Structure formats: C-alpha cells, structure tokens
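Not measured: the values here are computed from a predicted model. This chain uses plain numbering: 1 for the first residue, then up along the sequence.
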Amino acid sequence: MATEQLTGLGPVEAFALVGVLGVGSQWLAWRLKLPAIVLMLAAGLLVGPALGVLEPQRDIGELVQPLISLAVAVILFEGGLTLDLHKLGDARKGVTRLVLIGAPLGWFLSSAALHWGAGLGWEASAVFGGIMVVTGPTVIAPLLRQAKLQKRPANLLQWEAIVNDPVGALAAVLAFEFVLVGREAESFPDAVMQLALGIAIAMAVGIASGAAISYTFRRAFVPEYMKVPVLFATLLATFAFPNMMLHESGLLAVTVMGLIIANADLPSFEELRRFKEHATILLVSGVFILLASSMDFASLGQLTWRAGLFVALVIFVARPLTVLISLIGTGLPRNEKLLIALTGPRGVVLVAVAGLFGERLAANGVTDGAVVGPLAFVLVLVTVVLHGFTLAPMARALGLAATGKPGVLILGGSRFTTALAEALKREEVPVLIADPNHARLVRPRAAGLPVFYGDILGEAAEDSLEVLSFETLIAATENDAYNTLVATDFGSEFGRDQVWQLARVKGERARHALPTQLGGRPFGGGKTYGELDDLMRQGWKLSVTPLSEDYGFDQWKEDRPNAMLLGRMGTDGVFKRFLPEDAELLFPGRAEAAIKDLPEDQRESAREALKRRRTELRVNTARGRMSPGVKLVSLVPPEAESAKAG
C-alpha cells in the first residue's frame, strides 16, 4: 500500500495540484504581465514529463479524457455566450467571410502543409487539417485581454475562434468518415447520411436548449438561485446527447446554445455570463495543465526537422493566405488584415481532438496517426509562445492597441470633473467625460475635452467607446445612486481598485451605508458632488505639482496647508488616487483636528486608535508614495494659488 502511494498521486491530490498550478500560473502571469498560457504550459511540462510528479492517466485514470471533453464543452458554451449579434457591428462581414471562406480554405492549406511539410499521408493530413481550422478561444481571449486590441479586430479574432472551433472538429469528423470509406469500413452513402444527421441533430438540440433556457428564465419558471444549476445541467445534456449520434457534434450544439442565449436579451444574462466566465478561467487552467503534463517526451522524439517546417508553413503561409484571401472585398484596412493574418494561436480543442483522432487513425491502419498528437502539441506550444509575446507589440506597432498612458473615464460633466480632466490632459493622460445629461457636457466640450453623450451602461456606449483604452473610472455625477450603479457594474471589468466614486450624501450614516460590494473606492477627499461644486464656485483650482529632491512633500504641505490631495502620478504617468488611510499618516494635524470635533467621551479612544494605526512602517510606506519624481494632483484654495503667484 505504501509503495503504491509513493508511485503517484491520488485523484484528490492530483486535482488539487492541477488547480493550484493552473490558478497560480494565471495569477503569476497577471503580476508579471506575461501570457498566462505560456506559464500554464511550462508548469504542466515541469510537473509532468520533466519531474514525473503528475501523470494524469496514472493519477486520475480513465476520467481524464471525459473531463477534458466536458471542460472544452463548457469553454465553447461560454464563448458562445459572448457572441451577441448586436455587438458585432462593422466586423460582421469579415466574420462571415472568415467562417464561410476561411474555414474550408484553411482546411485545404493546413492539409497541404501537413502533407508537404510534415510528410504525412493525405489521409492523416485531411483529418488533422480539419482540426487545424480552429484558432483556440481558450488562447485568444486572454491574449486579447492582455493586448487591449481595438474593438473590430478583437471581434474578428474572437468570433472566428469561437465559431470555427466546432466547425474544425466536424471537419475532422467528415475527413475521418472518408478515411473509413476509403478503407471500406463503411459505405459512402452511410457515412454522408450519418454526418448530415449528426450535424442536424446537434443544431436542433442546441437551438432547442437555448430557446428553452431563454423561455423558462424570462417567464420566471426557474427561481434565481437555481438558474446556474439548471443552466449547467442543460449544458451537459446538450453536449452529451448529440455526441451519441456523431462524435464531437456536441461541441456544435453547446456553441449554438450559447449563441441563442446570448441574443435572447435575458435580464439575468450578465450574472450567468460572469459565472460561466469564472468557471471557464478555472477550466482553461486545469485543461492546459492536464494536457501539458500528459505529454510524453518519447512521443515528441518521433518528430523530425519536418515538424519545424510544418509549423513554419502554418504560421507564415497557410494562416496569412487564408485570412488575406477571405477578407478580400471587406473594406478592412491593411493593418487590421495583417494583424489577423499573423495571429492564429491554437489551444485546448486542437490538442484534445487531435490526440483522439490520431489514436483512431492509428487503430484503423493509418500509421501517420501516431504522430498527429505530438505535432498538435508542438503547434500549440509554438503558436502560444509566439503570439503570447508578439501580439501586444505587433498591435501597438500597427496602431491597433491602446498605447501610452492608460486613460481615465470620468462620469459626469461638472466644474470639478472638467478641471480634473483638463489637468490630466495637460499631463498627457487620455481622458473622456461621459454624461447622460447633454447640458452637463457643455462645459467640458467648450474646454476642448473629448466627451460622450449617453448612458455609459447602454449599448451605444459599448458600440462606440473603446473601453479597453481606459483603466480607471471616476463616478462623479450629481446622482449618487447612478454613480453607485455604474461603479458596481464596471468593477468587474476594470477591477475594484480602479473604479472610484465621490462620497455620497449621508453616506457616512449607518442607516444609509451600503455594503462594500456596491460602489467604487473613495475619491475626492471625502467630499460629495455638491461640496466639490461649492469649492469650485469659491475659486478652488486643480493643481499638478511635481516633487523633486529640492522640493519635497513637506515643502508642498507647507506651501498649501489647506490643499485637498486627490491623487498622484508616478514616473509611468499613471494616475492613482490618494488613499484615505494615508491621510491620517501624512496629515497628522488634520487627523487631530477631526478628533477634537468628536464628542468629548469619544476623543481618548479615537486618539488611542490613531496611535495604534500610526506605526513607523505605515508612515514610511505612505511617505514613500510621495517620493521625488511623483506629481501630486490636488485641489487648492484661492489663497494658496495667490501665495504661489506672489
């Protein structure tokens, strides 16, 4: 018993290790600003074939392949949920051509690269070439998030990846059926009939499942707390049933199901999409770790120099020709065509399906089937590493990604926000003021600031705003409830720490306090919209002051004793808010004055609490944020400006 335990991990330990490595790789990639897929592949190869700690077939057993198949189904369904036809916009024509023309053309060119490059026979080349139609939504999505592409090329790459995934799997099924016909395993009419019937059933099941979910959710036949479980159970059934008729047709069914739900305009759609998005991150992490750790270096040893030629032909010939020919006549600019043509990473679906069909080809006497799996893994490894490190620089070079400093999206056109936007603009920080009230935009428009008229939560904003070029949102309208709504909605997209909000009227009272999950981080020195507007009427000004070795923070405080510190900009030019917890550390006099305003019986306990918080470490950390090279953004009273001028 002890010997058996030493030879491998148990299923529970194996799943735990996969989860830790997958999520840990994602987190480390975020911290280091590296492609997450690259780190996940490296982690899987390290614990798998390199060290032998994890061997999925040994440690988990026969469940590995079904688990990967179910994970791919959930991933494709989540991808289908992002296919909102209303948001396709001017990318519609390009997406249609990439699917209708690009898929068969890519199949042919990939098969040719396999035959003449890798040296495979036409049977294995046709099957594997069909699988290579896929470009991997599991890889494209995190790459697009990292590269911050403009909306149209991002839509083209995302839609192509999601729609062509089931198309590629079915193309492989079609080619495999023809291989069986050629080897007299079954008749040609039977093969065609089975394929057509399988595709029809998959489409029908996907449409029916999506329509059923949409109808029952809209009519409230399913309570809120059961919507996610019902959706998940329906998803599994939608994937499993068509697969009984035609292998891999379940992928088409779940993609169609996601597409139907995405365009049903369900009130609870956003909650469903976010849950599935979080589940997909976990599944993508796990699948990549499992696939990488399953790789056998001995099987890779079967490959020759022709594998490198094959990969080069796919990346630099087959993919560019497929895209450039497909997009002829679409009117897309040359830089967008070039970016899409040179971006074709492969992912989970390719490795999983290729390994399966490779085994089935070998079992039916096609000797080349044994190298299909290793070739697929090499292609995925090379394209993921290549595009992971080159997509963002290439997008910036072609003018298709956000460049320079991250922007600030300001909600509300007031005296204060206009002055703040002008100050940031002078520092070359991209800004945009949005307001649903047209009259509120007169002042910022007169100041020459970019504005957006409309509801920032509406579809018009999604269609016309390049939200990815902004990293910070400041909710600062006169409507506290609207500020809270927008800040809460954008929190999941920008990150909670990058969504800021002015203080609410009566917000400090227990009766009006909100849970921490609602609203944004405090901004504006604890002042409400009305209080800031009064200060601006009194002549307060926005000031940006650079600190240096000769002019430090203490001198700044001495020159502006009543100034309200709003934020700071480091040497990278990124605007960061002034943390409220730093106020009592950097302005002890103000903290003491606030204590004196408290009832007498509360002052002593407040001083003791302040003393506990004012540790040397915390003070030094706060002062470190005010080092030379930092620019302080503050609101200063008229006397400070007069003294400065004098």
Test your reading of the model: is there a side-chain donor-acceptor pair from [X] to the backbone of [Y], 3.5 Å cut-off?
X: Ser209; Y: Gly206; value: no
X: Asp435; Y: Gly413; value: yes
X: Lys93; Y: Gly329; value: yes
X: Thr488; Y: Gly519; value: yes
X: His387; Y: Gly344; value: yes
X: Arg319; Y: Ile340; value: yes
X: Asn335; Y: Leu398; value: yes
X: Thr330; Y: Leu327; value: yes
X: Trp107; Y: Ala126; value: yes
X: Thr238; Y: Val254; value: no

State, with a plain yes or no, whether a side-chain heavy atom of [X] is found less than 4.5 Å away from one of [Y].
X: Phe217; Y: Ile261; value: no
X: Asn483; Y: Asp480; value: yes
X: Lys337; Y: Val323; value: no
X: Arg219; Y: Ser214; value: no
X: Val574; Y: Thr472; value: no
X: Val74; Y: Phe232; value: yes
X: Val99; Y: Glu160; value: no
X: Leu409; Y: Ile474; value: no

How far does [atom1] of [X] sit from [atom2] of [Y], to the nearest 0.5 angstrom?
X: Leu105; Y: Thr322; atom1: CG; atom2: OG1; result: 4.5 Å
X: Arg97; Y: Ile325; atom1: CZ; atom2: CD1; result: 12.0 Å
X: Arg31; Y: Gln26; atom1: CZ; atom2: CD; result: 15.5 Å
X: Leu473; Y: Phe494; atom1: CG; atom2: CZ; result: 6.0 Å
X: Met132; Y: Arg346; atom1: CE; atom2: CZ; result: 5.0 Å
X: Leu156; Y: Thr96; atom1: CG; atom2: OG1; result: 10.0 Å

What pair of heavy atoms forms the shortest contact from [X] to [Y], and how long is it?
X: Gly210; Y: Ile260; answer: C-CG2, 3.5 Å
X: Ser285; Y: Val23; answer: CB-N, 4.1 Å
X: Ser110; Y: Ala318; answer: N-CB, 4.4 Å
X: Val314; Y: Pro320; answer: O-CD, 4.2 Å
X: Tyr215; Y: Phe221; answer: CE2-CE1, 3.5 Å
X: Phe77; Y: Met257; answer: CE1-CG, 3.9 Å

Could you walk me through whether Tyr482 and Leu411 pass side-chain contact (heavy atoms from CB on, under 4.5 Å), step by step?
CA-CA 10 Å; Tyr482 184 63; Leu411 183 64; 3.8 Å; yes

Give a yes or no on this: more than 12 heavy atoms of other residues, nucleotides or ligands lie within 6.0 Å of atom CZ of Phe389.
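For Phe389, atom CZ is crowded (more than 12 foreign heavy atoms under 6.0 Å).
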
Has Phe241 got more than 12 heavy atoms of other residues, nucleotides or ligands less than 6.0 Å from its CZ?
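It does not: Phe241 CZ has 12 such atoms or fewer within range.
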
Do Thr477 and Arg440 pass the side-chain contact (heavy atoms from CB on, under 4.5 Å) test, and can you show the C-alpha distance, the side-chain angles, and the key distance before you say yes or no?
CA-CA 9 Å; Thr477 71; Arg440 296 287 187 186; over 6 Å; no

Option passing side-chain contact (heavy atoms from CB on, under 4.5 Å) with Arg521 (candidates Arg496, Gln498, Gln501)
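Output: one option passes, namely Arg496.
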
Report the C-alpha separation of Leu231 and Leu235 in whole Å, then their side-chain angles, then the decisive distance to 0.1 Å, and conclude whether the side-chain contact (heavy atoms from CB on, under 4.5 Å) test is met.
CA-CA 6 Å; Leu231 179 66; Leu235 166 64; 5.6 Å; no

For Met394 and Leu342, what are the C-alpha separation, side-chain angles and deciding distance, and is it a side-chain contact (heavy atoms from CB on, under 4.5 Å)?
CA-CA 9 Å; Met394 181 170 60; Leu342 294 176; 4.0 Å; yes

